[in-house]
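Contents: one structure, followed by commentary.
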Amino acid sequence: MKFCKKYEEYMQKQGKKKLPGVGFKKLKKILKTCRKQSHFHHPASNCPHHCSVCDGTFFPSLLEEMSAVVGFFNHRAQKLLELHLSSGFSKCIIWLKDKLKGNHVALIQEGGDLVTYAIINAIAMRKILKKYDKIHYSKQGQAFKSQVQSKHIEILQSPWLCELMAFHINLRESRVHSSSASTLFEGCCVVLNDGKSSLSCELFDSVKIDFDLTCSICLETLFDPVSLSCGHIFCYMCACKAASVTIVDGLKEASPCQKCPICREGGVYEGAVHLEEVHILLSRSCPEYWEERRKAEKVERVQQTKEHWESQCRLFTGI
């Protein structure tokens, strides 16, 4: 079965949920129209590198659709993981609000459905851009993909996808299993190699996702990981140092001029996301390292807190 038909069938099955998606059939029609007009004017050649027929409708439509897909995925994944990590009264409120069953099966199934949704839309985007380049004999499709990544609407770069992968591994050894989710995530694992760790997952249609779990600042396995809005992941304390803020103030107090240590993009700290599931996963996968790091960071946190309050007291007393 061709992917276009497979994708349309998948989206039709999700009809009740009203999920945003890539207008695969509509985009193919735009390219087909472009090819027909090109052959009419230039029978011996394909469409030129810059085409008003394609560029005026194809890329804006695809950009809008991918923004909607990523926004929906991030929102649903965040709510799911908040539900899993919440406790007490707040958890009851979330359960009642979302009308979900209070068991691991519902959580795992929802997580599996979200990852399937992310992957099939990522494949749809990859295939339609490949078709664009094939028709135009150009690399405009690849250039657009880079543009999407720079705008943080590449779904495979989403920190929430990393969190969902860790979430599944954390629940995989539970008494309750979901067969469909287990099949989807059976190739998902933490890889430890020479003290370096990564989160790897092999999914359908030859899609392999790898998240490096090494902090680029301290060059150690992540501890209390946080993902900046640009998608780069660091230890929370390392991110605070890079943003020139204390752990008492937190990353929300970082100046918009502070840049990511890797990509040098500014204003990426305020929207930072704590990767709680990844933190739990690493604490189980590397227990000895995690305990050593916890003790070391505890000392550092106490010292920073002490210095913070001492400076506040000096300001208050005028000394």
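Contact record, V22 with M66: CG2-SD, 3.6 Å, taken as the closest heavy-atom pair. Contact detail for V245 and G250: the closest heavy-atom pair is CG2-O, 3.5 Å. A pairwise comparison of heavy atoms in R293 and C218 identifies NH2-SG, 3.7 Å as the closest pair. Considering all non-hydrogen atoms of both residues, I262 and S216 come closest at CD1-OG, 3.4 Å. Considering all non-hydrogen atoms of both residues, E65 and L27 come closest at OE1-CD1, 3.8 Å.
In this structure, V278 and E163 have side chains that are in contact, with non-hydrogen atoms separated by less than 4.5 Å. Contact of the L129 side chain with the F59 side chain is registered, since non-hydrogen atoms from C-beta on lie closer than 4.5 Å. Looking at L275 and D224, their side chains never come closer than 4.5 Å, going by heavy atoms from C-beta outward. By the 4.5 Å heavy-atom criterion applied to side chains, Y117 and P20 are counted as neighbours. Side-chain contact between F73 and L161 is present, with at least one heavy-atom pair separated by less than 4.5 Å.
Through direct or indirect side-chain contacts shorter than 4.5 Å among Ile, Leu, Val, Met, Phe, Trp and Tyr, F223 is connected to W290.
Side-chain contact of D212 with S198: a donor-acceptor pair under 3.5 Å is absent, judged by distance alone. Between the side chains of D249 and T246, at least one donor-acceptor pair of N or O atoms lies under 3.5 Å. Counted by atom type alone, S200 and D210 present one or more donor-acceptor pairs between their side chains at under 3.5 Å.
Atom NZ of K298 sits about 14.5 Å away from atom CD of Q303, to the nearest 0.5 Å. For the atom pair L19 CG and I120 CD1, the distance stands at 11.0 Å (nearest 0.5 Å). Interatomic distance, N121 CG to T116 OG1, rounded to the nearest 0.5 Å: 11.0 Å. For the atom pair Q78 CD and W160 CH2, the distance stands at 4.0 Å (nearest 0.5 Å). Note: H75 NE2 to L80 CG = 11.5 Å, rounded to the nearest 0.5 Å. In this structure, CD in Q157 is found 12.5 Å from SG in C162, a value given to the nearest 0.5 Å.
Ion pairing of E291 with R294 is present here, as a side-chain N (NZ or NE/NH1/NH2) and a carboxylate O approach within less than 4.0 Å.
Heavy atoms of other residues, nucleotides or ligands lying less than 6.0 angstrom from CD of E310 number more than 12. A 6.0 Å sphere centred on CD of E307 holds more than 12 heavy atoms belonging to other residues, nucleotides or ligands.
Cluster membership for L222 and I247, using ILVMFWY side-chain heavy atoms within less than 4.5 angstrom, is not shared. Residue L156 is grouped with residue L63 when hydrophobic side chains (ILVMFWY) are merged at heavy-atom distances under 4.5 angstrom, including chains of intermediate members. Connection of L281 to Y289 is not established within any shared hydrophobic cluster, with ILVMFWY side chains joined at heavy-atom distances below 4.5 Å, either directly or through further cluster members. In this structure, V226 is not a member of the same hydrophobic cluster as L199, with clusters built from ILVMFWY side-chain heavy atoms closer than 4.5 Å. Placement of L251 and I217 within a single hydrophobic cluster is found when ILVMFWY residues are connected by side-chain heavy-atom separations under 4.5 Å, directly or transitively.
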List the atom pairs, with distances to 0.1 Å, where a side-chain N or O of residues 229-240 and a protein N or O form a donor-acceptor pair under 3.5 Å, not counting sequence neighbours.
unit_1, atom_1, unit_2, atom_2, d
S229, OG, V268, O, 3.4

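In this structure, N170 contributes its side chain and E277 its backbone to a donor-acceptor pair below 3.5 Å. Using a distance-only test at 3.5 Å, with no hydrogens or angles considered, a donor-acceptor pair links the side chain of S283 to the main chain of I280.
Counting only residues at least two apart or in different chains, side chain to side chain donor-acceptor pair (under 3.5 Å) contacts with residues 262-271 comprise H152-E265.
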